[in-house]
Structure formats: structure tokens, C-alpha cells
Amino acid sequence: MNKLVFATNNQHKLSEVQAMVGKLFTISSLADMDIIEDIPETADTFEGNASQKSAYILHHYQLDCFADDSGLEVEALQNEPGVFSARYSGTRNMEANIDLLLSRLGNNMNRNARFRTVISLRIDGEHHLFEGTINGIITDERIGIEGFGYDPIFIPNGYDKTFAEMAPEEKNSISHRAIATAKLVSFLKDRNNI
Ligand code: ITT
């Protein structure tokens, strides 16, 4: 069994990625490795933050690993919340983060948005980046209870339901994280001849 360390404290991300890589790889989170500190995320891009998280774990713990930085970009809000998605309202409270986003967007007719993920992989002294994007629109109110984060207010293009109305398998087959993770897995399979 191939083991990989996913430098995240977000249990939802961990479950999504483990479901996507299935039996090919076993993913360990930071908690599984007894790493409990808050890892700095001070860059102003997803690429920068993902790279910062993976570099931190490599340099402090000498562990090959990957990290994901992700978030929601809303066109009419000049791509906010972006890298501030987890703490848009100044706290990690998702109720407050969604309330703030919906109130800033107000009745704006432009509801275009996209979720983006960048995965940074550190392996054998090399650094590789994998990106995934999904376009959609922001709803007027929350719909659905599945998923996490901004899922209740995001309808991907081509669908008539939010990510939070989808079963995990459905979201995991189309999401930004699914796209980036598929690139990561394909890279690792090629490299390991599996
Ligand atoms: P780690 O840094 O420990 O991985 P985090 O939750 O802080 O966990 P990020 O810094 O990447 O992760 O912030 C991403 C935020 O963007 C996340 O907390 C959600 O609010 C939102 N987000 C990311 N992916 C999402 C998804 O698939 N569905 C809904 N919201 C998502």
C-alpha cells in the first residue's frame, strides 16, 4: 500500500481526497501524524499557500507530502474571498462567512464564481503543482446540507443543484479538488508504475 501525507487540518478535504484515490493510496492527515500546530498561510495566491504548507511539513518533519490550498472566487467581488475563503468574516465560522458573502453580493445579477484548488506535492526533493477549477453561480440563499464550506451556495455550471445537494460521490466526480487530485494521482501512478 502506498502512503501519502496530506498536510491539512480540514477533515472534509481529507475524506474527499481519500474517497478519490480509493485503495491506491492511504492518506494520513496532520492529526494522524500528531502534528497539531497551525501552519502559516501568508501568501496571496493559492499556489503560494499550498507551496508554503507543503514546504513547512517537509522542512520541519522531513516528510514528503502534499498540501491543497483552495477557495471560492466570486467575479462581482473582484475574486473575493479567494485565499481568504476560510476566514472571510475574520473567523472560521462558515455561517458568518456565507452571510458576509451573500450580503456583499446583494442583488447583483452577476452571480458567476469558481472554486479553485492548487495541490503542491513535495516528493524526493522535487516540487510539483496540480490545479483544478470548476465554474458556477452563487445562489441567493443556502440550499442543501452535504459537503462543507461554501457548498450550500454554489451551483456548478450544467447542474440545477448546489454542491451541498449532491451525494459525496457526485461532488467528488466533478469538483475543483477532484480535477486537481486526478492530476496528482495520474502523476504518482506514472512515477510508481502502477
Ligand atoms: P487546511 O489549510 O488545513 O488544508 P483549510 O480549511 O484552512 O484547511 P484552505 O486554507 O484551503 O483550507 O481554505 C479553503 C476554504 O475554502 C475552506 O475552509 C472552505 O471554506 C472553502 N472551500 C475549499 N474547498 C471547498 C469545497 O470543496 N467546498 C466548499 N468550500 C470549499
Side-chain angles (χ1 to χ4, degrees), residues 4-20 27-33 35-57 65-74 77 79-102 113-121 129-139 142-156 159 161-181 184:
L4 284 173
V5 174
F6 184 7
T8 186
N9 288 307
N10 184 321
Q11 190 58 42
H12 299 279
K13 286 184 179 179
L14 183 73
S15 320
E16 286 189 0
V17 170
Q18 182 67 72
M20 287 169 209
I27 310 282
S28 304
S29 70
L30 295 180
D32 295 332
M33 310 298 293
I35 299 172
I36 51 166
E37 69 259 36
D38 233 356
I39 300 175
E41 284 182 57
T42 54
D44 56 6
T45 60
F46 295 123
E47 290 80 357
N49 279 331
S51 305
Q52 194 177 11
K53 285 190 258 190
S54 61
Y56 182 97
I57 295 304
C65 67
F66 68 96
D68 138 326
D69 196 49
S70 49
L72 182 65
E73 295 182 337
V74 179
L77 300 179
N79 289 337
E80 280 187 6
V83 291
F84 302 111
S85 292
R87 295 173 177 273
Y88 192 36
S89 64
T91 74
R92 280 195 164 267
N93 181 325
M94 276 319 297
E95 289 299 307
N97 290 339
I98 289 180
D99 282 345
L100 180 62
L101 193 151
L102 290 179
R114 58 183 188 162
F115 270 120
R116 283 188 62 214
T117 291
V118 175
I119 293 175
S120 156
L121 171 71
L129 293 169
F130 308 93
E131 204 262 347
T133 299
I134 183 162
N135 294 302
I137 56 162
I138 302 297
T139 53
R142 297 166 174 80
I143 314 169
I145 56 165
E146 300 289 337
F148 71 102
Y150 298 90
D151 283 346
I153 58 165
F154 181 83
I155 298 180
Y159 290 77
K161 57 186 173 183
T162 67
F163 265 169
E165 292 180 281
M166 294 183 181
E169 309 80 65
E170 191 171 13
K171 178 187 171 190
N172 289 346
S173 67
I174 59 169
S175 76
H176 50 308
R177 188 162 299 101
I179 295 165
T181 304
L184 168 72

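Both counts, for ligands and for their atoms, begin at 1 and track the order of listing.
Using a cutoff of 4.0 Å between basic side-chain nitrogens and carboxylate oxygens, Asp69 and Lys13 are not scored as salt-bridged. Remark: Glu41 does not engage Arg87 in a salt bridge, criterion side-chain N to carboxylate O under 4.0 Å.
When all heavy atoms are compared, the tightest approach of Ala67 to Lys53 is CB-CB, 3.6 Å. Shown here for Leu72 and Ser85, the closest heavy-atom pair between the two residues is N-OG, 3.0 Å.
Taking a cut-off of under 4.0 Å to the non-hydrogen atoms of Met94, the atoms of ligand 1 that pass are 20 (O). Within the listing of ligand 1, atoms 1 (P), 3 (O), 4 (O), 8 (O) sit less than 4.0 angstrom from a heavy atom of Thr8. Remark: ligand 1 atoms within the under-4.0 Å shell around heavy atoms of Gly149 are 20 (O), 29 (C), 30 (N). Distances below 4.0 Å separate heavy atoms of His176 from the following atoms of ligand 1: 24 (N), 25 (C), 26 (C), 27 (O).
In terms of N/O distances under 3.5 Å, ligand 1 is not approached by Glu16.
For atom 10 (O) of ligand 1, the nearest non-hydrogen atom of the protein is Glu41 OE1, 3.0 Å. Looking from atom 3 (O) of ligand 1 to the surrounding protein, the closest heavy atom is Asn9 N, 2.7 Å. The protein heavy atom nearest to atom 12 (O) of ligand 1 is Lys13 NZ, 2.9 Å. Among all protein heavy atoms, the one lying closest to atom 18 (O) of ligand 1 is Ala86 CB, 3.5 Å. Among protein heavy atoms, the minimum distance from atom 8 (O) of ligand 1 is reached at Asn10 CB, 3.4 Å.
Closest to atom 22 (N) of ligand 1 by heavy atom, among Phe84, Phe154, Phe148, Phe163, is Phe148. The nearest non-hydrogen atom to atom 13 (O) of ligand 1, considering only Gly71, Ser70, Ser85, Gly132, comes from Ser70.
Considering only heavy atoms from C-beta on, Leu129 comes within 4.5 Å of Ser120 through its side chain. Using a 4.5 Å cut-off on side-chain heavy atoms (C-beta onward), Ile134 and Phe154 make contact.
Note on ligand 1: Lys53 sits in its first shell, one or more heavy atoms being nearer than 4.0 Å. At least one heavy atom of Tyr150 sits under 4.0 Å from some atom of ligand 1.
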For Ser29 and Gln11, run side-chain hydrogen bond (donor to acceptor under 3.5 Å, both in side chains): C-alpha distance rounded to whole Å, both residues' side-chain angles, the deciding distance at 0.1 Å, then the answer.
CA-CA 8 Å; Ser29 70; Gln11 190 58 42; 5.3 Å; no
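Using a distance-only test at 3.5 Å, with no hydrogens or angles considered, no donor-acceptor pair links the side chain of Thr139 to the main chain of Arg142.
A parallel orientation is assigned to the rings of Phe115 and Phe163, their planes being inclined by less than 30° (bins at 30° and 60°).
Here His12 has no heavy atoms under 4.0 Å from ligand 1, in either its backbone or its side chain.
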